[in-house]
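Nothing here was measured: the structure is a model prediction, and the numbers come from that model.
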Amino acid sequence: MSDSLLGLDEPPQPRQEAYRVLARKYRPQTFSELIGQDAMVTTLGNAIKRDRLAHAFLLTGVRGVGKTSTARLIAKALNCVGPDGQGGPTIDPCGVCEPCRAIAEGRHIDVIEMDAASHTGIDDIREIIEASRYSAVSARYKIYIIDEVHMLSKAAFNGLLKTLEEPPAHVKFLFATTEVNKVPVTVLSRCQRFDLRRIPAEMLAGHFARVSEAEGVEAEPEALSLIARAAEGSARDGLSILDQAIAHAGLEGGGVRAEAVRQMLGLSDRGAIRALFGLLLAGDAPGALAALRGQYDLGVDPQAVLRTLLETVHGVTLAKLGSDATAGQSAEEAKALEDWAAGLSFPALHRLWQLLLRGHDEVAKAALPIEACEMALLRVIHASQLPDPGELARQIANGSVSVSAPPGAPAASAMPANMGELVTHLETSKRFQLAQQVRDYLRPVRFDGSEFEFGAARELPQDFIRELGAALRESTGVNWRLTCVETAAAPTLREAAAANEAAERAAVLASPVVAAAIEAFPEAELIGWTKIRSNQA
């Protein structure tokens, strides 16, 4: 076989440069590019100007806020010699001198980075102690950057203490950690500590907009706001999400769109959640369950629905307090929150928060998440109709509360007007099995005279509708039209009673007096609630 067939006579193809993810490509190279940490930069700048540099720095904060990047910037600032080679330590390293370029490329012989997660033992620290005795080869300072320093063993920390307390003049230690509580106090006391803050969502959204522009990618402001909120204060997390969103946009042939980001992150549509929240406040059980199922069919996790409902309650509370709108909030959403804030009291908002939070926890542990979510929403619907305990007590004291017959009490008319009266009517007619089946299995859709449409919570007995019709015709003298439908329906009487019971109990537990008692006596439990309630009635 000839060389030409093997391709040996072809000129060598240029090697394509590997793609660098945005989180690495846009790592800050100067302190001015470090976003959200102005207080720390000011402190470091003043320390450098006054030649009051500590021998050890501890940088702590959540993931992706710039701890390791800050350590490298400090190494640059301390070793920069300026373009002319005559400069000294500066908060604005030039980025062009040999020390700056070598540190940025990770090849400076006097700037040693170590990952404590993979070098946890005393032997690794002994190497640092021995090497620290020797002067820097070419830099002003020999700098040790130890990432995730909390992973060092107890022996390693103890071995480092003496050198950390009295290091050679040419040595600086830069520690970074996400779990500062795991760092021994003896080490903390020997370091100058900087707590890097979570980066605000507005600042992250602006940063992502600049990155998108630099990448030549069109991005909707709402999409960038969604990414910023999902990043939870972490620039690295946000850039990773933006990287994914840009790749998704490339497949779709367009820019970064809010709807695509929402689907990519599995977020609930906020417009749909606002509609669901309105149905909850209106007490529309069939509509709320249908809306929830609509979100579920689109692939939205039930727990995510409850989490977004919790965010909505929080937003309404902030709007009631007069707080400014959060980042990424549309004018439509802000208007809806203001309208709800005007109509809801703080006790009602507190009760909604407690009930939704409880539902969120239940769904997280449930074997049947969507069913648990439905029950949680039904509990919210029934609780939304209840006054807060303090107001109820005032109404009882004023005599302004009229006592109505409990659900299922006999009706004044021979014709039942709702399903509760229907159950009582059947019990009066000694049709106890039918009454129990109506109570436990039927979900009312429409009750109009002798016409009754209902859904089924479970498969009904084969002759149920025929037997129920015959029993009603016999007791009322009227032919009933009974129809089982598959549309969304209200809960059964049994489900409604259970949800109402849970809502009342939750309302009592959420009241300030009971909550204070539970907090004072953690082992205490609320018992005898049904008995107490019946006695009050």
Side-chain angles (χ1 to χ4, degrees), residues 24 27-31 34 40 44 47-48 53-61 66-81 88-91 93-95 97-180 182-184 186-188 190-194 196 236:
R24 291 187 59 196
R27 184 187 292 270
Q29 298 300 318
T30 63
F31 281 105
L34 186 68
M40 180 197 66
L44 283 173
I48 290 173
L53 291 169
H55 57 273
F57 298 88
L58 178 69
L59 307 169
T60 180
K67 298 183 296 296
T68 306
S69 296
T70 299
R72 292 173 181 170
L73 290 176
I74 293 175
K76 275 188 186 181
L78 298 183
N79 284 326
C80 178
V81 295
T90 174
I91 195 63
C94 65
C97 65
E98 176 58 24
C100 284
R101 288 188 288 108
I103 293 171
E105 296 168 7
R107 58 178 176 81
H108 200 295
I109 193 173
D110 293 318
V111 178
I112 302 96
E113 291 193 33
M114 187 183 89
D115 177 20
S118 54
H119 299 81
T120 63
I122 182 63
D123 291 337
D124 300 300
I125 295 301
R126 283 199 185 104
E127 292 181 10
I128 292 178
I129 294 171
E130 291 296 326
S132 66
R133 299 176 181 176
Y134 302 99
S135 299
V137 175
S138 61
R140 186 179 294 112
Y141 293 104
K142 179 178 285 189
I143 295 178
Y144 291 95
I145 299 175
I146 303 181
D147 201 8
E148 300 302 337
V149 69
H150 66 274
M151 299 291 289
L152 290 178
S153 65
K154 183 177 180 180
F157 273 125
N158 290 335
L160 187 61
L161 286 179
K162 186 62 177 177
T163 303
L164 190 59
E165 184 173 13
E166 298 178 359
H170 59 271
V171 173
K172 302 290 183 185
F173 289 98
L174 302 176
F175 302 140
T177 178
T178 53
E179 300 184 50
V180 69
K182 294 184 179 180
V183 179
T186 50
V187 174
L188 293 176
R190 289 166 168 82
C191 300
Q192 191 170 99
R193 174 174 167 176
F194 290 99
L196 277 68
R236 183 175 62 233

Going by atom type alone, with no hydrogens or angles, which donor-acceptor pairs under 3.5 Å involve a side-chain atom of residues 108-116 and a protein atom two or more places apart or on another chain?
{"from": "H108", "atom 1": "ND1", "to": "D110", "atom 2": "N", "distance (Å)": "3.0"}
{"from": "D110", "atom 1": "OD1", "to": "V137", "atom 2": "N", "distance (Å)": "2.8"}
{"from": "D110", "atom 1": "OD2", "to": "V137", "atom 2": "N", "distance (Å)": "3.0"}
{"from": "D110", "atom 1": "OD2", "to": "S138", "atom 2": "N", "distance (Å)": "2.7"}
{"from": "D110", "atom 1": "OD2", "to": "A139", "atom 2": "N", "distance (Å)": "2.9"}
{"from": "E113", "atom 1": "OE1", "to": "R72", "atom 2": "NH2", "distance (Å)": "3.1"}
{"from": "E113", "atom 1": "OE2", "to": "R72", "atom 2": "NE", "distance (Å)": "2.8"}
{"from": "E113", "atom 1": "OE2", "to": "R72", "atom 2": "NH2", "distance (Å)": "3.4"}
{"from": "D115", "atom 1": "OD1", "to": "A117", "atom 2": "N", "distance (Å)": "3.1"}

Output the distance between atom [atom1] ([X]) and atom [atom2] ([Y]), rounded to the nearest 0.5 Å.
{"X": "T177", "Y": "H150", "atom1": "OG1", "atom2": "NE2", "answer": "4.5 Å"}
{"X": "N79", "Y": "I143", "atom1": "CG", "atom2": "CD1", "answer": "4.5 Å"}
{"X": "T178", "Y": "L196", "atom1": "OG1", "atom2": "CG", "answer": "12.5 Å"}
{"X": "E148", "Y": "K182", "atom1": "CD", "atom2": "NZ", "answer": "10.0 Å"}

Give me the atom names and distance for the closest heavy-atom approach of [X] to [Y].
{"X": "P89", "Y": "L78", "value": "CG-O, 4.0 Å"}
{"X": "C94", "Y": "C80", "value": "N-SG, 3.4 Å"}
{"X": "A136", "Y": "Y141", "value": "CB-C, 4.1 Å"}
{"X": "F194", "Y": "M40", "value": "CD2-CG, 3.4 Å"}
{"X": "G66", "Y": "T70", "value": "O-OG1, 2.5 Å"}

Practice task
List in chain and number order the residues that pass side chain to side chain contact (heavy atoms under 4.5 Å, CB included) with E127, two or more places apart in sequence or in another chain; answer none if no residue qualifies.
Solution key: none
Looking only at atom types and distance, does a side-chain atom of [X] sit under 3.5 Å from a main-chain N or O of [Y], one as donor and one as acceptor?
{"X": "K76", "Y": "I103", "result": "no"}
{"X": "K172", "Y": "I74", "result": "no"}
{"X": "H119", "Y": "I125", "result": "no"}
{"X": "S153", "Y": "G121", "result": "no"}

Handout entry: Over 12 non-hydrogen atoms of neighbours within 6.0 angstrom of CZ in R107
Key = yes
Name the atoms and distances for all side-chain donor-acceptor pairs under 3.5 Å in residues 155-168, with sequence neighbours left out.
{"from": "N158", "atom 1": "ND2", "to": "K154", "atom 2": "O", "distance (Å)": "3.3"}
{"from": "E165", "atom 1": "OE1", "to": "R190", "atom 2": "NH2", "distance (Å)": "3.1"}

Problem - Result of checking V183, V180, L59 against R193 for side chain to side chain contact (heavy atoms under 4.5 Å, CB included) - result: V180
